[in-house]
Visitor: 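My questions all concern the structure below.
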Amino acid sequence: MALIRMTRRSPASLTSSFIDELPDRIRQMLEGTLPFEPVQNVGWMPAMEIVEKKDFLLVTAELPGLGDKDVDVSVDEGVLTISGDKAEEKKEAEEESQFYLLERRYGSFRRSFTLPNAVDVDKITADFANGVLTVKLPKSEEVKAKGKKILIGSRK
């Protein structure tokens with residue numbers, strides 16, 4: 001077994017200017033005077049749930065600020081895809097505004113899920129109300145009919 005000498009490298013983000021400014025930034029943070037810096041939009045991912053019921057699967061997605069025309073739902077080769085785009089709301093006066101907190105997310109999103117064979121793709125429906133997308137994925141009739149009770153050895 002050969003030993004390889006390990007060389008420690010400092011991460012690129014820890015530049016000397018960052019390290020030099022660190023004591024001042026910590027002091028500003030503790031004093032509550034840390035200047036606010038612009039936050040870059042890194043996209044967003046909607047919160048989703050998938051629930052199995054007796055006769056169907058239910059997919060819900062929270063899409064606040066979007067309308068049904070902003071969202072696409074498709075199925076291709078057994079994959080359900082939900083995608084859309086949330087445009088940033090800009091106002092003319094914002095150029096002169098000083099933002100102190102930016103938590104709202106904007107941009108495109110895409111979520112894809114592989115569907116089980118039990119889903120009847122031809123009967124999938126989708127509804128959009130109050131910022132919540134609901135996709136109903138009915139199970140095929142033959143899958144529902146295949147269920148059977150299994151007897152445990154001593155109860156035969």
Side-chain angles (χ1 to χ4, degrees), residues 6 8-144 146-147:
M6 184 178 128
R8 291 187 183 260
R9 296 182 188 164
S10 61
S13 63
L14 293 178
T15 61
S16 62
S17 64
F18 176 83
I19 293 172
D20 293 340
E21 294 173 4
L22 193 57
D24 289 333
R25 293 177 75 75
I26 291 172
R27 182 184 46 74
Q28 289 173 336
M29 183 181 68
L30 293 173
E31 292 173 353
T33 59
L34 184 66
F36 293 99
E37 297 179 7
V39 176
Q40 300 233 349
N41 184 4
V42 293
W44 69 292
M45 200 61 66
M48 301 189 75
E49 290 180 349
I50 300 175
V51 178
E52 183 174 12
K53 305 279 187 170
K54 179 182 175 193
D55 295 331
F56 58 90
L57 296 168
L58 197 62
V59 177
T60 56
E62 291 182 1
L63 302 170
L66 294 178
D68 57 353
K69 300 207 182 332
D70 302 318
V71 180
D72 291 315
V73 180
S74 63
V75 176
D76 187 28
E77 295 185 17
V79 176
L80 172 71
T81 301
I82 300 171
S83 60
D85 188 48
K86 184 175 180 183
E88 186 171 1
E89 300 167 8
K90 288 244 180 195
K91 298 180 180 108
E92 291 178 24
E94 285 185 0
E95 292 178 10
E96 300 170 3
S97 300
Q98 176 67 39
F99 288 93
Y100 293 103
L101 180 64
L102 296 171
E103 291 184 341
R104 296 174 68 194
R105 298 289 183 205
Y106 302 97
S108 299
F109 69 90
R110 178 184 211 84
R111 301 290 305 263
S112 295
F113 305 95
T114 302
L115 298 177
N117 294 334
V119 172
D120 188 344
V121 177
D122 296 325
K123 294 183 180 176
I124 296 174
T125 59
D127 292 308
F128 194 89
N130 300 323
V132 177
L133 173 70
T134 304
V135 182
K136 188 174 181 179
L137 308 159
K139 295 180 182 177
S140 63
E141 291 299 323
E142 64 183 49
V143 170
K144 288 189 246 178
K146 284 185 180 179

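Side-chain atoms are counted along with the backbone in the values below, which use heavy atoms only and exclude waters and symmetry mates. Computed from a predicted model, the values in this text were never measured in an experiment.
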Visitor: Check side-chain contact (heavy atoms from CB on, under 4.5 Å) between T125 and all other residues, then give those that pass, not counting sequence neighbours.
Guide: K136
Visitor: Within the supplied structure, the quantity of interest is the number of heavy atoms (other residues, nucleotides, ligands) at a distance under 6.0 Å from R110 CZ; does it exceed 12?
Guide: no
Visitor: Look up atom CE in M48 and atom CG in L133, then write down how far apart they are to the nearest 0.5 Å.
Guide: 7.0 Å
Visitor: Could you tell me whether the side chain of L57 reaches within less than 4.5 Å of the side chain of P116, counting heavy atoms only?
Guide: yes
Visitor: Measure the CG-CD1 distance between L115 and I50 for me, rounded to the nearest 0.5 Å.
Guide: 9.0 Å
Visitor: Given L63, which of V71, N130, V132 fulfils the side-chain contact (heavy atoms from CB on, under 4.5 Å) condition?
Guide: V71
Visitor: Check for a donor-acceptor pair, side chain of K139 on one end and backbone N or O of K53 on the other, with a separation under 3.5 Å.
Guide: yes
Visitor: How long is the gap from CG on D85 to OH on Y106, to the nearest 0.5 Å?
Guide: 12.0 Å
Visitor: Taking the side chain from K86 and the backbone from D70, do they hold a donor-acceptor pair closer than 3.5 Å?
Guide: no
Visitor: With side chains defined as the heavy atoms from C-beta onward, is the minimum distance between I82 and F109 less than 4.5 Å?
Guide: yes
Visitor: How about V59 and L137: do any of their side-chain heavy atoms sit closer than 4.5 Å?
Guide: yes
Visitor: State, to 0.1 Å, how close E62 and P46 come at their nearest heavy-atom pair, and which atoms those are.
Guide: O-CB, 3.3 Å
Visitor: Out of T134, V135, D68, which residue meets the side-chain contact (heavy atoms from CB on, under 4.5 Å) rule with F128?
Guide: D68
Visitor: Between S112 and T81, is any side-chain donor less than 3.5 angstrom from a side-chain acceptor?
Guide: yes
